[in-house]
Protein chains: 2
Amino acid sequence: MMDIALKAIADPRRREILRLVSLSELPATDIASHFSDVSRSAISQHLGVLRSANLVRERRDGNRRLYRVNDEEMARLRIFLDQYWSGGLDRLKTAAEAAEKRKK
Amino acid sequence: MMDIALKAIADPRRREILRLVSLSELPATDIASHFSDVSRSAISQHLGVLRSANLVRERRDGNRRLYRVNDEEMARLRIFLDQYWSGGLDRLKTAAEAAEKRKK
DNA sequence: TTCTTACGTAAGCATTCGCTTACACTCCAA
DNA sequence: TTGGAGTGTAAGCGAATGCTTACGTAAGAA
């Protein structure tokens, strides 16, 4: 079931959508207009994927549908990855911090 | 370029492989024998995907090829996700911790 | 040298994916 | 009530994916 979410974020276009709707709630048209090289329908289908992965929430406002990121599901996905990768939040945290320190 | 890694971990079979080689270094045959419902060749191809995503390291030992997880690349992937999802490690950490606390 | 083990890789196939075009529906304003 | 704006969805298509079988190759063992 977490599989669907992982497949969803594996697509760069969908990650960009997630980034947009994490900054502010947006109607589908506005989201689509951010992608000049692809049709509105394609974006609508991407939104469908994100919706079925429960990574975005949809709210109706008259004619429009406003999307925003589902922070809770994102957090759940993150926890899943944490536990999967290293069997513990702590070990991962130190690994990430070490890598970040090395970067500086 | 992080795309390849994300696509790689989107597959449940490959995640299971990563889990195995994060516990201990293993020859390809041993890895394959963990999957009864799929051929050795399929696992070899999965290993190829993980290798080109730089998520595993390969070491030759005579006839065999020993695989282990590449912790450094995993950490890089994790940092990428952290920054992508919430634009900062701190906000993510608190969100994850809050979700975990809610779970208890 | 000649097997055998341990592997990667090529070819082919069914399924999935991301996209486009075309269409259907729901609001709301005129 | 008619029309346009905002949106999801069906159909179809080319490309990518995951799998199988078959083959190729390197490293010991016999």
Side-chain angles (χ1 to χ4, degrees), chain A residues 1-21 24-70 77 84, chain B residues 1-21 24-70 77 84:
Chain A
M1 83 232 58
M2 210 43 106
D3 230 75
I4 303 176
L6 277 172
K7 290 237 170 81
I9 66 164
D11 185 274
R13 208 88 73 168
R14 285 194 286 266
R15 283 201 306 279
E16 178 65 10
I17 293 178
L18 282 177
R19 197 185 62 81
L20 290 174
V21 298
S24 61
E25 194 180 40
L26 289 176
T29 301
D30 287 20
I31 297 171
S33 69
H34 269 86
F35 301 88
S36 57
D37 59 334
V38 90
S39 76
R40 183 198 57 78
S41 176
I43 299 302
S44 180
Q45 290 172 55
H46 280 308
L47 284 171
V49 172
L50 292 173
R51 208 185 311 125
S52 65
N54 199 28
L55 290 175
V56 296
R57 294 203 177 285
E58 177 202 302
R59 179 171 69 91
R60 312 265 173 130
D61 173 39
N63 216 6
R64 306 178 307 167
R65 308 200 184 184
L66 302 175
Y67 287 94
R68 62 182 168 83
V69 75
N70 183 354
L77 176 54
Y84 215 97
Chain B
M1 84 234 50
M2 211 40 105
D3 230 72
I4 302 176
L6 277 172
K7 290 238 169 81
I9 66 165
D11 185 274
R13 208 89 71 171
R14 284 194 287 266
R15 284 201 305 280
E16 178 64 10
I17 293 178
L18 282 177
R19 197 184 62 81
L20 289 175
V21 298
S24 62
E25 194 181 39
L26 289 176
T29 301
D30 287 19
I31 298 171
S33 68
H34 270 86
F35 301 89
S36 57
D37 58 334
V38 90
S39 75
R40 183 197 58 80
S41 175
I43 300 302
S44 180
Q45 289 172 56
H46 280 307
L47 284 171
V49 172
L50 292 173
R51 208 185 312 126
S52 64
N54 200 27
L55 290 175
V56 296
R57 294 203 177 285
E58 177 202 302
R59 179 170 70 89
R60 312 266 173 130
D61 172 39
N63 216 4
R64 306 178 307 167
R65 307 200 185 184
L66 303 174
Y67 287 94
R68 63 182 167 83
V69 75
N70 183 354
L77 176 54
Y84 214 97

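Every chain is numbered from 1 and lettered A, B, ... according to where its sequence line falls, protein lines coming before strand lines.
Minimum interatomic distance between B/Leu55 and B/Ala5 (heavy atoms only, all atoms of both residues): CD1-O, 4.0 Å. Of all heavy-atom pairs spanning A/Arg57 and A/Asn54, the tightest one is NH1-OD1, 4.3 Å.
The CZ atom of A/Arg68 sits 8.0 Å away from the CZ atom of A/Arg59 when rounded to the nearest 0.5 Å. For the atom pair A/Leu77 CG and A/Ile4 CD1, the distance stands at 12.0 Å (nearest 0.5 Å). Separation of atoms CG (A/Leu66) and CZ (A/Arg60) is listed at 11.0 Å; rounding is to 0.5 Å.
Distance B/Ile43 CD1 to D/dG18 C1': 11 Å, rounded to the nearest Å. Atoms CG (A/Leu66) and P (D/dG8) sit 11 Å apart, rounded to a whole Å. Residue B/Leu6 contributes atom CG, which lies 14 Å from atom P of D/dT17 at whole-angstrom precision. For the pair B/Asp61 CG and D/dA27 P, the computed distance is 12 Å after rounding to whole Å. Across the protein-nucleic acid pair, B/Arg64 atom CZ and D/dA29 atom C1' stand 15 Å apart, rounded to whole Å. Atom P of nucleotide D/dA16 and atom CG of B/Asp11 are separated by 18 Å, given to the nearest angstrom. The interatomic distance linking B/Leu50 (CG) with D/dG18 (P) rounds to 11 Å, in whole Å.
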List, one per line, each side-chain donor-acceptor pair under 3.5 Å for residues 42-53 of chain B, sequence neighbours excluded.
from	atom 1	to	atom 2	distance (Å)
B/Gln45	NE2	B/Ser41	OG	3.2
B/His46	ND1	B/Arg14	NH1	3.1
B/Arg51	NE	B/Glu58	OE1	3.3
B/Arg51	NH2	B/Tyr67	OH	3.1
B/Ser52	OG	B/Gly48	O	3.3
B/Ser52	OG	B/Val49	O	3.0

Donor-acceptor pairs are to be reported for all side-chain atoms of residues 26-34 of chain B against protein atoms at under 3.5 Å, with residues two or more places apart or in another chain.
from	atom 1	to	atom 2	distance (Å)
B/Ser33	OG	B/Asp30	O	2.7
B/His34	ND1	B/Asp30	O	3.1

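Between A/Gln45 and B/Pro27, the residue anchored closer to the 5' end of DNA chain C is B/Pro27, taking for each the nucleotide with the nearest heavy atom.
Contact footprint of chain B on DNA chain C: nucleotides with an atom under 4.0 Å from a non-hydrogen protein atom, first to last in 5' to 3' order, C/dT5 to C/dA10.
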Taking N or O atoms only and anything under 3.5 Å, show me the protein contacts with nucleotides 1-5 of chain D, one pair per line.
from	atom 1	to	atom 2	distance (Å)
D/dA5	N3	A/Asn63	ND2	2.9

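Taking the charged nitrogens against the carboxylate oxygens, B/Arg19 and B/Glu16 do have a contact shorter than 4.0 Å, which makes a salt bridge.
Applying the 4.0 Å criterion to OP1 and OP2 of D/dC19, one finds that B/Arg13 has a side-chain N or O inside that range.
In this structure, B/Arg40 has no side chain to side chain donor-acceptor pair (under 3.5 Å) partners at least two apart in sequence or on a different chain.
Nucleic acid contact class of A/Arg60 (heavy atoms, under 4.0 Å, all strands): none.
Residues from residues 33-42 of chain B lying near DNA chain C, meaning a heavy-atom separation below 4.0 Å, are B/Arg40, B/Ser41 in numerical order.
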